[in-house]
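Heavy atoms only: backbone and side chains are in, while hydrogens, waters and symmetry mates are out.
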Amino acid sequence: MIEGRIKRISGPIIRAEGLGSAGLFDVVEVGEKRIIGEIVRLERDEAVIQVYEDDTGLMIGASASSTGRPLSALLGPGLMGTIYDGIQRPLEALFRESGAFMASGSRGNPLDPEKKWPFIPDPDLAKKCAAGESIPALPGMVLGAVKETESIICRIMVPPTVKKSSLIELAPAASYTVNDVIAKTSLGEEIPLAQWWPVRIPRPSAERLPPEMPLVTGERVIDVFFPLSKGGTAAIPGGFGTGKTMTQHAIAKWCDADVIIYIGCGERGNEMTDVLTEFPHLTDPRTGRSLMERTILIANTSNMPVAAREVSIYTGVTLAEFYRDMGYHVAIMADSTSRWAEALRELSGRMEEMPAEEGFPAYLPTRLAEFYERAGRVHTQNGAEGSVSIIGAVSPPGGDFSEPVTQHTKRFIRCFWALDRDLANARHYPAISWIDSYSEYAEEVRPWWERVSLQWAAVRQECLDLLKREQRLAEIVRLIGPDALPDDQRLVLVTSEIIKDGYLQQNSFDEVDMYCVPAKQVRLLEIIMEFHRRAEACIKLGAPLTKVTSLRAAVPGISIKQASSAGERRDKDSSLETKFPAETGEETEGRSLRELLSRLKSIVKNEELSLLDEFELAMRASLEELERSYRIRETL
């Protein structure tokens, strides 16, 4: 250890002398309580330290001891289902020790040192070791596995730091603690069940892969209009109350990632409380078990020391890379990077650095790039395929997207889901603006989507163009009203309304509509655009719009639940049910196409897609009959 003395204290920034020989980003223990800090600058014999705990009562002249190692995360079995703070202290364990408020200098083992895990060595490696064969100890090589939860198998790997050597010893199948050695190399290196890794250094991989596989979220506006690739980066900017946290919660529950890491970075305590209370009770739709079995939470609320905010996202992405190296697809929810940037601004001000725009440090873009560039889909060092996808929430003051954090974030992400306050106020969920949002992954994931439907790209672009036309027409309507428009332009407004209500809006409380499989997403949009094209042909032949929108279709096999509330919640006491059973032969007049198109999303279940084909046939027959009647009139 290198010993020094505190020379100056300025909030979470401490200047100590006698630490000139320490390394940059080394961990330092400060004062009698041994508060954890990190060296962020070295100037001759002095070091600038940012501390991650409350330093109230710390005095000049107190000791500052460098541990000689960088701030690191402990990686091994036991991470899943745990709630950490920004420096990987287990909050549940500290709560049992010291109550609701952590005392300065509190310590907790990131992984339970006494719990034993059933380790099963790789059968081939075990045979070769038993036979005395020479086995190269390659970085990333899987030594064995531990069943961490019912959903996750933790693979124990050779650390990336192991030099060229041979494996000479491998532990047999038995139960071990995280500190027990399970393998040894010819150079005397010991490989324990859990290993440390510096949080600011990206874990290496063998090869980066193109982002051509979408991260399927079940949200139609995301998956079809603004898709995110596995290994991609996305930002969700929006003002207060627009639904950033709700959207991240929905993605965490329904996306097809194997592991979820939720980072609450500087958020209000009540928002993190919602996460901590809801996530353990959410059911994983793939396994039917608790979602926490494949989730890690990093809680760093706004009343915690501001410096810990700065390191929390690095801790989160390091844990994500650990599971990526096992071959898992990991999704990170960072909420919010604006609070993280505010922490950088405060620390920069305390260090008396020259401020840039709005007081943020000049290196803000660099720090953002360092974070988002750790996302990616890769071939790991053991040949497996894994990915880290980062979805960062941005909280611009007043919803102003021109502020520095949002603008710099747009430089490093390729998917932008802009939340609209007007949509949020109208209870339109998700409140993602189809005008301001964009995705640069659309062309890269196109081959995947075309295996679902060859029409995906064409119908997607046609729909986006229609919504842009509707925005231009809406400005005219506000001035002169909709009745002044010709029927073909009013049809654009009608179809856009169907798209908004019957496609883009999604009900999180509806058992049918809360998640939409890719095939259903595309079929719904194809049917809506088919309606628009055929209705447009009828109007060109002279059919009035009112006649088109009032067309009815009797569809066998479809059951409609029409909720009385505007939000379309399924309330058994107030719902009216109308059934069209095919087997009874019961004749019904049917409902209007406009109403059916708006309700198909919650009528047809994900496993009943054949009903969409039946509906399309019935809709097409009604529109063709109308078109035929006006075509005959035209010839006469």
List in chain and number order the residues that pass side-chain contact (heavy atoms from CB on, under 4.5 Å) with Arg155, two or more places apart in sequence or in another chain; answer none if no residue qualifies.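 For Arg155 the side-chain contact (heavy atoms from CB on, under 4.5 Å) partners, ignoring immediate neighbours, are Val142, Met326, Tyr328.
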Going by side-chain contact (heavy atoms from CB on, under 4.5 Å), name the residues that satisfy it together with Ala362, two or more places apart in sequence or in a different chain.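 Result, side-chain contact (heavy atoms from CB on, under 4.5 Å) vs Ala362: Ala356.
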Please, which pairs that meet side chain to side chain donor-acceptor pair (under 3.5 Å) have at least one residue in residues 60-71, sequence neighbours excluded?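 Only Glu3-Ser65 qualify under side chain to side chain donor-acceptor pair (under 3.5 Å).
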Any residue meeting side-chain hydrogen bond (donor to acceptor under 3.5 Å, both in side chains) with [X], in chain and number order, not counting sequence neighbours:
{"X": "Gln248", "result": "none"}
{"X": "Glu385", "result": "Arg377"}
{"X": "Thr315", "result": "none"}
{"X": "Gln88", "result": "none"}

For Arg309 and Ser302: C-alpha separation, side-chain torsions, deciding distance, then whether side-chain hydrogen bond (donor to acceptor under 3.5 Å, both in side chains) applies. CA-CA 8 Å; Arg309 243 187 259 179; Ser302 54; 5.7 Å; no
Might you point out which heavy atoms bring Arg294 and Ala252 nearest each other, and give the distance in Å?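 So the two residues come closest at NH2-O, 4.0 Å.
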Does either side chain, that of Glu293 or that of Ser290, offer a donor lying less than 3.5 Å from an acceptor on the other one?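 Looking only at side-chain atoms, Ser290 and Glu293 do not form any donor-acceptor pair under 3.5 Å.
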Looking only at the side chains, is there a donor atom on one of Thr177 and Asn179 sitting less than 3.5 Å from an acceptor on the other?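 Side-chain D/A pair, Thr177 to Asn179: absent.
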Which salt bridge (Lys or Arg N to Asp or Glu O under 4.0 Å) pairs, counting each pair once, include a residue from residues 163-172, with sequence neighbours left out?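 Those involving residues 163-172 do not exist here.
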Sort and list the pairs that fulfil salt bridge (Lys or Arg N to Asp or Glu O under 4.0 Å) and have at least one residue in residues 334-348, not counting sequence neighbours.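 Every pair satisfying salt bridge (Lys or Arg N to Asp or Glu O under 4.0 Å) with a residue in residues 334-348: Glu267-Arg339, Arg339-Glu342.
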So Val311 and Gln50, do their side chains get closer than 4.5 Å, heavy atoms only?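 Side chain of Gln50 against side chain of Val311, heavy atoms only: no contact under 4.5 Å found.
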Return a table of donor-acceptor pairs under 3.5 angstrom between the side chains of residues 114-140 and protein atoms on other chains or two or more places apart.
unit_1: Asp122; atom_1: OD2; unit_2: Asp124; atom_2: N; d: 3.2
unit_1: Asp122; atom_1: OD2; unit_2: Leu125; atom_2: N; d: 3.1
unit_1: Ser134; atom_1: OG; unit_2: Ser166; atom_2: OG; d: 3.4

Contact list for residues 250-277, test ring-ring contact (aromatic ring centres under 6.0 Å, His included), sequence neighbours left out: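 Found His249-Tyr262, Trp254-Tyr515, Tyr262-Phe279.
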Which side-chain N or O atoms in residues 33-48 pair as donor and acceptor under 3.5 Å with protein atoms at least two apart or in another chain?
unit_1: Arg34; atom_1: NE; unit_2: Glu29; atom_2: OE1; d: 2.7
unit_1: Arg34; atom_1: NH2; unit_2: Glu29; atom_2: OE1; d: 2.8
unit_1: Glu38; atom_1: OE1; unit_2: Tyr52; atom_2: OH; d: 2.1
unit_1: Glu38; atom_1: OE1; unit_2: Arg200; atom_2: NH2; d: 3.0
unit_1: Glu38; atom_1: OE2; unit_2: Arg200; atom_2: NE; d: 2.9
unit_1: Arg41; atom_1: NH1; unit_2: Glu43; atom_2: OE2; d: 3.3
unit_1: Arg41; atom_1: NH2; unit_2: Glu353; atom_2: OE2; d: 2.8
unit_1: Glu43; atom_1: OE1; unit_2: Arg15; atom_2: NH1; d: 2.7
unit_1: Asp45; atom_1: OD2; unit_2: Gly18; atom_2: N; d: 3.2
unit_1: Glu46; atom_1: OE1; unit_2: Arg15; atom_2: NH1; d: 3.3
unit_1: Glu46; atom_1: OE2; unit_2: Lys7; atom_2: NZ; d: 2.3

Give a yes or no answer on whether the side chain of Asn300 reaches the backbone of Asp85 with a donor-acceptor pair at less than 3.5 Å.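 Judged by distance alone, no pair lies under 3.5 Å.
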